[in-house]
Amino acid sequence: MFWIWTLIVGAIIGAIAGAITNNGHSMGWISNILAGLAGSALGQGLFGAWGPSLGGMAVIPSILGAVIVVAIVSFIVMKVRA
């Protein structure tokens, strides 16, 4: 049950990051989960594990990390397509 909860929270964090960066319209639910999980790891590594936690992830640093991940991936995809 822990992993299901982690995937759900990861998807929500990824969707929030996509909405913040205005790149969420092109992301599917798998991309949201991956961005949320990778962003959570990056955000907690950079900013620490402070604030409220859901599914084993500190929400605020996870969102900040996911925004960074989505921005970097969007930049790379944009350069590759051009």
Side-chain angles (χ1 to χ4, degrees):
M1 190 66 170
F2 174 77
W3 289 107
I4 294 171
W5 184 243
T6 300
L7 292 175
I8 291 169
V9 173
I12 293 169
I13 288 172
I16 291 170
I20 290 172
T21 60
N22 290 326
N23 292 320
H25 55 84
S26 62
M27 294 174 56
W29 61 274
I30 293 176
S31 297
N32 282 337
I33 292 172
L34 293 175
L37 295 176
S40 176
L42 177 69
Q44 289 184 55
L46 291 175
F47 305 117
W50 51 273
S53 275
L54 291 172
M57 295 179 263
V59 176
I60 297 170
S62 296
I63 292 173
L64 294 174
V67 167
I68 293 169
V69 168
V70 169
I72 290 172
V73 170
S74 296
F75 177 77
I76 291 170
V77 168
M78 195 169 51
K79 289 295 182 182
V80 169
R81 286 186 182 173

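Small disclaimer: the values here were computed from a predicted structure and weren't measured. Quick note: numbers below take in every heavy atom, side chains included, and nothing from hydrogens, waters or symmetry partners.
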Please list, chain by chain and in numerical order, all residues satisfying side chain to side chain contact (heavy atoms under 4.5 Å, CB included) with A49, sequence neighbours excluded. Q44, A58
Besides L42, the hydrophobic cluster formed by Ile, Leu, Val, Met, Phe, Trp and Tyr side chains linked at under 4.5 Å, directly or via other members, contains L46, F47, W50, I60, L64, I68, V69, I72, V73, I76, V77, V80
Could you list the donor-acceptor pairs under 3.5 angstrom formed by side chains in residues 2-18, with sequence neighbours left out?
unit_1: T6; atom_1: OG1; unit_2: F2; atom_2: O; d: 2.9
unit_1: T6; atom_1: OG1; unit_2: G55; atom_2: O; d: 3.3

Distance-minimising heavy-atom pair for A35 and A66: O-CB, 3.7 Å
